[in-house]
Amino acid sequence: MSSSKRVVEATPQISISSVKDFVSQRNSVVQLSLTNSIGNQSPYFAKTTTTKCYFGGTRPWFECNLCSKRAGNLYLNENGTDLFCRVCSNLRYRSQGFSGSSRLLMMAFDADERAEAVFKGPQRVKFLYKGRPTKRFKRFLKYRQKAERLSRIFTN
Ligand SMILES: [Zn+2]
């Protein structure tokens, strides 16, 4: 067991949703670039795959270079040489390092951060589509509700 203290929230990462327009069956390897702390961009290559959705269409995934499992996010490894899934990168969520009420508090922070992260990124955000909440907006609400549920434990 490694005693790595690296946490998901503080690790450079890339989500499949940010490259999904480049994923195709014909060309399953995408080139990614992450900007490091001194502003240099390094290219990384990641394999991708797709699964069929229940209601039609396909959902894109990364394929981890190490374990070959499907992953929605890839994380920069400690040496900054490659991108791996969360398990292979030996990352944990920040809240996993705490116990009791501090753990709940960190979970509330995490949920809040994730809600915020839903709307980060280059795309223009649509809250409604044909009068119904978009998937993105629903995801935001889910995290917001979780954060609220958790924060109620502290304020009551
Ligand atoms: Zn992996």
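First listed ligand is number 1; within each ligand, the first listed atom is number 1. The first residue in the sequence is number 1, and the count goes up from there.
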Search all heavy atoms of S18 against all heavy atoms of S15 and return the closest pair with its distance. OG-O, 2.6 Å

Residue pairs, two or more places apart or on separate chains, that pass side-chain hydrogen bond (donor to acceptor under 3.5 Å, both in side chains) and touch residues 61-70: T51-W61, N65-D82

Backbone of Y143 reached by a side-chain donor or acceptor of Q145 within 3.5 Å: no

List, by chain and number, the other hydrophobic cluster members for L66, where Ile, Leu, Val, Met, Phe, Trp and Tyr join if side-chain heavy atoms come within less than 4.5 Å, directly or indirectly. F84

Salt bridge (Lys or Arg N to Asp or Glu O under 4.0 Å) involving R149 - partner list, sequence neighbours excluded: none

Is there a path of hydrophobic side-chain contacts, each under 4.5 Å between heavy atoms of I/L/V/M/F/W/Y residues, joining L91 to V7? no

What count do you get for protein N, O or S atoms closer to the Zn ion (ligand 1) than 2.8 Å? 4

